[in-house]
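One structure is given below, encoded as structure tokens.
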Amino acid sequence: MKRIATLLLVTLLSACNTPSPSTNQAASDKLDPLDFVDPFIGTDGKGKTYPGATVPHGMVQLSPDNGRTGWDWIAGYFYPDNIIAGFSHTHLSGTGAGDLYDISFMPLTRPFKKLKTEGGPADGTIISHFSHEQEQASPGYYQVLLQDYDINVELSAGVRSGIQRYQYPENTKQGVIRLDLAYSRNWDKTLATHVEIFDHYSIGGYRRSTGWAKDQRVYFYTRFSRPIAQHLIQANGRTLRQPKGFGEDLSLEMDFELSGDNSILVHTAISSVSIENAKANLEAEVHLLDFERTKLAAEQAWRDELSKVVVDATPDNLKQFYTAMYHASLAPRLFSDLDGSYKGPDGRIQQTGKYPRYEFFSLWDTFRALHPWKTIIDQRRTREMMDSMMAHYQVAGRLPVWIFQGNETDMMMGYHSVPVLVDAYLKGLTDIDGETLLSAVLQSAEQDEFGLQSYQKLGYVPYPERKWNVALTLEYAFDDWAIARLAKALGKEDIYQRFAKRAQNYRHHFDPQSGFMRALDEQKQFREPFDPNAYHPEDYCEANAWQYSFFVPHDVEGMVEMMGGPQKVSAKLDQMFNTVQDLETFPEWISGYIGQYVHGNEPSHHVPYLYQYLGEGQKTQKLVRQIMDELYSTAPDGLAGNEDAGQMSAWYLFSALGFYPVDPVSGEYVLGSPEVQSADIHLENGKVFKIRTENQGPQQVYVKSVTLNGKALTGFRLRHSDIMAGGELVFSMSEKP
């Protein structure tokens, strides 16, 4: 499936700027990272990723859809399936809700094959069978053979467009392309569609839908490499021969005369604004209707992105690492058009300023590690993305919670724009004025929605008011700590003191008798009965008491003191990793567990690193290596939980390098146990931060010593400023603690 040949990375810094590498490192410098990316990882099991073509943070995600509805088909494609119903231009990466699948094309020959199996797609869905033996995917490229029609399909993508190449069988005189604008699955529901044939080579239109995002508008403009010989529009059950149609249920069948190599190119750009903007987006693509050059440009964009970190590791770990980098570069993604316009959260057309607009901010997931990862390897886009979040605030009146397609979904909870923006501000990665930012974060913290009225009055969210109450309090407390840090940096002592106090609200929920964070009523009485293993009632967001009781990343020392000291907390953590899950009451979204620790969902991601604060770094080292070894793999089900827009991969990227942002606004990282042999992080300031391991191996999971630039690193923390200064971090590994 993968290309075997390795190519020299053209974007690497000259060897004269760095000391002579080791033999293994010299070999890894010649590796093309694209050879170690497998987009099928995460398409089976819980990952919910898609295998199709896109570019880093691109607007288009051109990928196959199986045509089925259900949890397994959230991303449109599920690896165990064997049918394809079309290739659509928008997809979500690893989310827990299904939406998008806009502008779906399908190449066909008559007669069409329709699936009518019980439990499959609705009767009448046009499909083709396929085999994984005749399918491949790599960054910027996807290919599959539609077996029922013997049509080979190839996909690639530009920044705002997707290109398809259909190869029809020899001796076929006429090929059909069907555009299904009513294609709708899972949460997605079509509201209105339109298509118009402008000339023999061009069509355009729109699809408006509702679902997770309530007001989705996708306009498109398509150009074909062959002229349309004849067409047929089906609109709400009526057959139209005219060149345009409107309706909720609309499809367009186009016939093309074939000759020569029997191929047809289909190049489509999209826009949230208008057909005219989609056309301008398409015409701006450098390689219009040139599949090979589009593919090469997409591959080079990925090569540039992935070569920011040059890794030497085992073949499996190389594949895990670069696939994780690939997934971590899919979101947030471009949303504004070539002219800077985009659909705003108020439903009106907005205009960008200095920077392009990004959407698809899964902040409850990504504040933990994905955005901190970008502050290291993608500072330019971090600056642009922070501008997008503030642009949302200026129109919507509040910072984003979970936004995509110009919509606020209010999915999950917390005001986690706050730590992301504050972290960027404190690292100097935003143009936003401090006073303006402070006003925005205070608006989030002082509103009366989402349990915040009670939180401000009582110091916690009571369980009679709403579910996820314990989680809300704990995550609000963390966000408040971020506000306190910002206020301190701005010299606002009164605001600092107020929010530093609010950041201690986690203490209200602690029950000394049980040792867990527990739900409270308005009279501060704990909910009874209590079972720390239970997932119902839902006092904890997609978790139980075990997984949330340690969510105090901003004040681990205070939490340890509150819980009775290091020995008691260590014993509690040991118990967490050894208490068996009750599989009879197991929710669908709980996966990737070691005892009560659940790696497949975000609230626990920092927990293995807590042992470092207890003076038991060897337990952190053993656990993080166990998680990397057992809960990540190179198989299609190689992600233990939803990819969640890059968070699952970002955890791996940090941990494989040997450190993790337990407190994502602290500017510090907690040391773990690196899995790589070595890594060079090429920073945008021109410097290189090197990571080296001595005596590395699958059994050598314990860290004997760590040096930074030749000096012993005291403690268990690495500062962000140390990374940005360049230098060398060396881990000496051992089989024994």
Side-chain angles (χ1 to χ4, degrees), residues 54-62 88-93 99-103 157-162 188 191-192 194 204-221 268-285 330-363 380-411 417 420-421 430-432 440 645:
T54 188
V55 296
H57 304 279
M59 182 184 287
V60 163
Q61 310 83 42
L62 181 55
S88 59
H89 286 72
T90 62
H91 292 84
L92 294 168
S93 178
D99 208 337
L100 301 184
Y101 328 113
D102 297 288
I103 321 302
V159 175
R160 295 179 175 88
S161 75
D188 187 48
L191 296 177
H194 166 59
Y206 59 75
R207 179 174 186 268
R208 295 177 181 171
S209 59
T210 189
W212 190 6
K214 298 303 179 186
D215 178 15
Q216 299 176 46
R217 308 173 195 174
V218 181
Y219 298 86
F220 73 96
Y221 188 87
T268 302
I270 63 174
S271 165
S272 65
V273 175
S274 67
I275 299 170
E276 292 75 18
N277 271 30
K279 180 180 180 181
N281 289 342
L282 181 65
E283 292 178 342
E285 295 288 1
L330 297 179
R333 58 204 190 197
L334 187 67
F335 190 58
S336 54
D337 291 336
L338 181 70
D339 67 356
S341 59
Y342 62 93
K343 173 196 168 291
D346 59 350
R348 299 178 179 179
I349 304 307
Q350 302 292 336
Q351 189 70 29
T352 60
K354 183 177 179 182
Y355 301 118
R357 177 65 188 261
Y358 292 83
E359 287 273 334
F360 192 23
F361 285 85
S362 179
L363 291 161
R380 173 183 63 82
R381 284 200 189 96
T382 292
R383 189 176 299 275
E384 294 174 350
M385 290 170 185
M386 298 310 102
D387 183 79
S388 290
M389 292 167 70
M390 285 300 291
H392 178 94
Y393 165 75
Q394 288 157 3
V395 173
R398 61 186 176 103
L399 290 169
V401 176
W402 208 126
I403 58 172
F404 77 102
Q405 300 299 102
N407 291 258
E408 175 60 81
T409 70
D410 283 322
M411 180 59 69
S417 289
V420 173
L421 283 159
T430 177
D431 297 341
I432 303 165

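Residue numbers run from 1 in the order of the sequence given.
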- prompt: Step by step, would you call Q405 with E359 a side-chain contact (heavy atoms from CB on, under 4.5 Å)?
  reply: CA-CA 7 Å; Q405 300 299 102; E359 287 273 334; 5.8 Å; no
side-chain contact (heavy atoms from CB on, under 4.5 Å) between Q61 and R333, worked out: CA-CA 10 Å; Q61 310 83 42; R333 58 204 190 197; 3.3 Å; yes
query: Do the side chain of N407 and the main chain of D215 share a donor and acceptor less than 3.5 angstrom apart?
result: yes
- prompt: Is there a side-chain contact between Y219 and N277, using heavy atoms and a 4.5 Å cut-off?
  reply: no
query: Between the side chain of E285 and the main-chain N/O of S161, is any donor-acceptor distance below 3.5 Å?
result: yes
task: Flag the pair E408 / P345 as yes when at least one side-chain heavy-atom distance between them is below 4.5 Å, and no otherwise.
output: no
statement: The reported gap from CD1 in I103 to OH in Y221 (rounded to nearest 0.5 angstrom) is 14.5 Å
query: Is it true that D431 and K354 have a side-chain N and a carboxylate O under 4.0 angstrom from each other?
result: yes
message: Pair T90, R207 - check side-chain contact (heavy atoms from CB on, under 4.5 Å), show working.
response: CA-CA 12 Å; T90 62; R207 179 174 186 268; over 6 Å; no
task: Hey, could you give me the OG/NZ distance between S274 and K279, rounded to the nearest 0.5 Å?
output: 11.0 Å
query: Hey, what do you get for CG (L100) to CZ (F404), rounding to the nearest 0.5 Å?
result: 5.0 Å
message: Is the ring pair W402/W212 parallel, tilted or perpendicular, if the boundaries are 30 and 60 degrees?
response: tilted
Spacing of CE belonging to M386 relative to OH belonging to Y355, to within rounding of 0.5 Å: 12.0 Å
- prompt: Any donor and acceptor pair, going by atom type alone, linking the side chain of S209 with main-chain N or O of D188 inside 3.5 Å?
  reply: no
message: Can you tell me how far apart CG (L338) and CE (M59) are? Round to the nearest 0.5 Å.
response: 9.5 Å
- prompt: Okay, side chain of N281, backbone of I270: is any donor-acceptor separation there less than 3.5 Å?
  reply: yes
task: Indicate yes or no for a side-chain donor-acceptor contact from T210 to the backbone of K214 under 3.5 Å, with no hydrogens or angles considered.
output: yes
statement: The reported gap from OH in Y358 to CZ in R381 (rounded to nearest 0.5 angstrom) is 5.0 Å
- request: Would you name the heavy atoms of S362 and A645 that are closest together and state the gap between them?
  value: CB-CB, 3.7 Å
field: Qualifying residue, where the test is side chain to side chain contact (heavy atoms under 4.5 Å, CB included) with M390 and the options are L399, V395, T430
entry: L399
message: Please give me the minimum heavy-atom distance between P356 and S388, naming the atom from each residue.
response: O-OG, 3.5 Å
- prompt: Would you say H57's side chain and L334's backbone share a donor-acceptor pair under 3.5 angstrom?
  reply: no
- prompt: Mind checking whether Y206 and H194 have parallel, tilted or perpendicular rings, split at 30° and 60°?
  reply: tilted
statement: When every non-hydrogen atom of D339 is compared with those of S341, the smallest separation belongs to OD1-OG, 2.6 Å
- prompt: Within the side chain of R357, is there an N or O that forms a donor-acceptor pair under 3.5 Å with the backbone of D337?
  reply: no
task: Please check if the side chain of S417 supplies one atom and the backbone of P400 the other of a donor-acceptor pair under 3.5 Å.
output: yes
message: Please evaluate residues M389 and I403 with respect to the criterion side-chain contact (heavy atoms from CB on, under 4.5 Å), reporting the C-alpha separation (whole Å), side-chain torsions for both, the decisive distance (0.1 Å), and the verdict.
response: CA-CA 9 Å; M389 292 167 70; I403 58 172; 5.8 Å; no
